Amino acid sequence: MSLLALSRRDWITTTAVFSSLSGELKQPRILPFRTLHRTPPAFRIPSFSSSRVSPPRAVSSDVLHDAGATAAVLVGAYSLVRGFDNLTRRNLIQQNLSRKLVHILSGLLFTLSWPIFSTSTEARYFASIVPTVNCLRLVINGLSLTKDEGLLKSLTREGKPEELLRGPLYYVLILILSAVVFWRESPVGLISLGMMCGGDGIADIMGRKFGSKRLPYNEGKSWIGSISMFIFGLCVSVGMLYYYSVLGYLELDWGKAVEKVALVSLVATVVESLPIANVVDDNISVPLVSMAAAFLTFCI
């Protein structure tokens, strides 16, 4: 009986010791396990739901947004050309002036429309659809596969289809290049378009209207045209930079920025004044030189 009681006491004591040891051993193990157990679900579930559910919704939303913006800009571009065509047909505006106003406004309005596109990485490609469509129209009409009288009157000097394959075609190619490569986060593309659309476009209008005094090294250019090129190229480019800085796309030191744009405008003006129009079109030389000068002054 005593032996049995002793054995029971020993068994109870032994059991209690193991229970206490078991409790002491379990306590430090439970916390790391729970931490590790809780962390993966907390990490995996959001990543799973975001990868399977959220991105497709976001992408779909951005695609619809950019598709709508593209359609709106296309309608605006088409309406602009048709509007000046109607003014030309009614003899309310001369054909050369109409052509130059389309040259100035179409590129600037296209550039000003970029903020209506989404913040997705694909937005620039949606925006480039607009000049790409115009590029196809120019090629089709330039090759005389079809004939659009309004397009010819709005964009050509003499109404010849092959003219569409020169200056106007180079113009839309520069728009595509600026949108795809530089977009709205770089001053380089904005300045080059400001020089091509604002500077070069207004220089031609002012030179034809008031340019009686010609440059000594180029009879095809005038002093007033070159001065207008410098002033309006500078003003339009600075205006573009200010527009995008207000919207939060650019952050600039304005004192230095204006000096740099003035330097780019001077370089573009000199290039535009050179007697090289028969070798390279202004719609190529002016924006490309402006891009190079802006890149060197702003990005290096």
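Any value given below was found using the heavy atoms of this structure, including those in side chains, with hydrogens, waters and symmetry copies removed. These figures come from a predicted structure and were not determined experimentally.
- You'll find the side chain of Tyr242 stays beyond 4.5 Å of the side chain of Leu252, heavy atoms only.
- No continuous path of ILVMFWY side-chain contacts below 4.5 Å connects Val267 to Ile231, so the two sit in separate hydrophobic clusters.
- With rounding to the nearest 0.5 Å, the separation of OG in Ser265 from CD in Glu272 is 10.5 Å.
- Glu219 places no side-chain N or O within donor-acceptor distance of the main-chain N or O of Pro275, the cut-off being under 3.5 Å.
- Considering Leu193, Asp200, Ile174, Leu177 as possible partners of Pro287, the one that fulfils the side chain to side chain contact (heavy atoms under 4.5 Å, CB included) test is Ile174.
- Looking at every heavy atom in both residues, Ser228 comes nearest to Ala203 through CB-CA, 4.2 Å.
- Looking only at distances, no side-chain donor or acceptor of Ser178 sits under 3.5 Å from a matching main-chain atom of Leu175.
- A ring-ring contact (aromatic ring centres under 6.0 Å, His included) check over residues 106-136, counting only residues at least two apart or in different chains, returns the pairs Phe110-Trp114, Trp114-Trp183.
- Applying the salt bridge (charged side-chain N to carboxylate O under 4.0 Å, His left out) criterion to Arg184, with sequence neighbours excluded, gives no partner residue.
- Between Leu165 and Val139, the shortest heavy-atom distance links the atoms CD2-CA, 3.8 Å.
- Judged as a side-chain hydrogen bond (donor to acceptor under 3.5 Å, both in side chains), and not counting sequence neighbours, Ser144 has no contacts.
- Here the CD1 atom belonging to Ile224 is positioned 11.0 Å from the CG atom belonging to Leu215, to the nearest 0.5 angstrom.
- Looking at Leu155 and Tyr171, their side chains never come closer than 4.5 Å, going by heavy atoms from C-beta outward.
- By the salt bridge (charged side-chain N to carboxylate O under 4.0 Å, His left out) test, Arg82 pairs with Asp85, Asp148, sequence neighbours left out.
- To the nearest 0.5 angstrom, Asp66 atom CG is 8.5 Å from Thr119 atom OG1.
- At a threshold of 4.5 Å between side-chain heavy atoms, the hydrophobic network of Ile, Leu, Val, Met, Phe, Trp and Tyr places Ile227 and Leu263 in two separate groups.
- No more than 12 heavy atoms of other residues, nucleotides or ligands shown are found within 6.0 angstrom of CG on Asn278.
- The side chain to side chain contact (heavy atoms under 4.5 Å, CB included) test applied to Val280 returns Ile276, Ile284, Ser285, not counting sequence neighbours.
- Closest heavy-atom contact between Glu185 and Arg124: OE1-NH2, 4.0 Å.
- Taking every heavy atom of both residues into account, Ser120 and Ser118 meet most closely at OG-OG, 3.0 Å.
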Item to check | side chain to side chain contact (heavy atoms under 4.5 Å, CB included) assessment of Thr146 paired with Arg137 | outcome: CA-CA 9 Å; Thr146 185; Arg137 288 181 63 205; over 6 Å; no

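- With sequence neighbours excluded, the residues forming a salt bridge (charged side-chain N to carboxylate O under 4.0 Å, His left out) with Asp282 are Lys221, listed by chain and number.
- Residues Met291 and Ser192 approach most closely at CG-CB, 3.5 Å, considering heavy atoms.
- Closest approach of Trp254 to Leu241, counting heavy atoms only: CH2-C, 3.6 Å.
- Between the OG atom in Ser237 and the CD1 atom in Ile191 there is a gap of 6.0 Å [rounded to 0.5 Å].
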Next on the checklist: The test is side chain to side chain contact (heavy atoms under 4.5 Å, CB included); show your working for Leu80 and Ser106 and say whether it passes.
Outcome noted: CA-CA 7 Å; Leu80 179 71; Ser106 59; 3.8 Å; yes

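- How far CD1 of Ile129 is from OG1 of Thr70: 5.0 Å, rounded to the nearest 0.5 Å.
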Only pairs under 3.5 Å count here: list side-chain donor-acceptor contacts from residues 97-105, not counting sequence neighbours, and write none if there are none.
from   : atom 1 : to     : atom 2 : distance (Å)
Ser98  : OG     : Thr88  : OG1    : 3.2
His103 : NE2    : Met196 : O      : 3.0

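- Hydrophobic clustering (side-chain heavy atoms under 4.5 Å, transitive across Ile, Leu, Val, Met, Phe, Trp, Tyr) keeps Val81 apart from Val75.
- Residue pairs that meet the ring-ring contact (aromatic ring centres under 6.0 Å, His included) test with at least one member in residues 195-240, sequence neighbours left out, do not exist here.
- A search for side-chain hydrogen bond (donor to acceptor under 3.5 Å, both in side chains) contacts involving Glu149 returns Lys147, not counting sequence neighbours.
- Leu250 places a side-chain heavy atom less than 4.5 Å from the side chain of Pro187.
- With sequence neighbours left out, the side-chain hydrogen bond (donor to acceptor under 3.5 Å, both in side chains) criterion links Arg208 to Asp204.
- Among residues two or more places apart in sequence or in another chain, the salt bridge (charged side-chain N to carboxylate O under 4.0 Å, His left out) test is passed with Lys213 by none.
- Among residue pairs with one or both ends in residues 159-170, those qualifying as side-chain hydrogen bond (donor to acceptor under 3.5 Å, both in side chains) are Glu158-Lys160; sequence neighbours excluded.
- At a threshold of 4.5 Å between side-chain heavy atoms, the hydrophobic network of Ile, Leu, Val, Met, Phe, Trp and Tyr places Tyr249 and Met240 in one connected group.
- No path of Ile, Leu, Val, Met, Phe, Trp and Tyr side chains, each step under 4.5 Å between heavy atoms, connects Val279 with Val286, placing them in separate hydrophobic clusters.
- Interatomic distance, Leu247 CG to Leu112 CG, rounded to the nearest 0.5 Å: 9.5 Å.
- Contact check for Leu143 versus Pro161: no side-chain heavy atoms found under the 4.5 Å cut-off.
- Side-chain contact between Tyr244 and Pro115 is present, with heavy atoms from C-beta onward closer than 4.5 Å.
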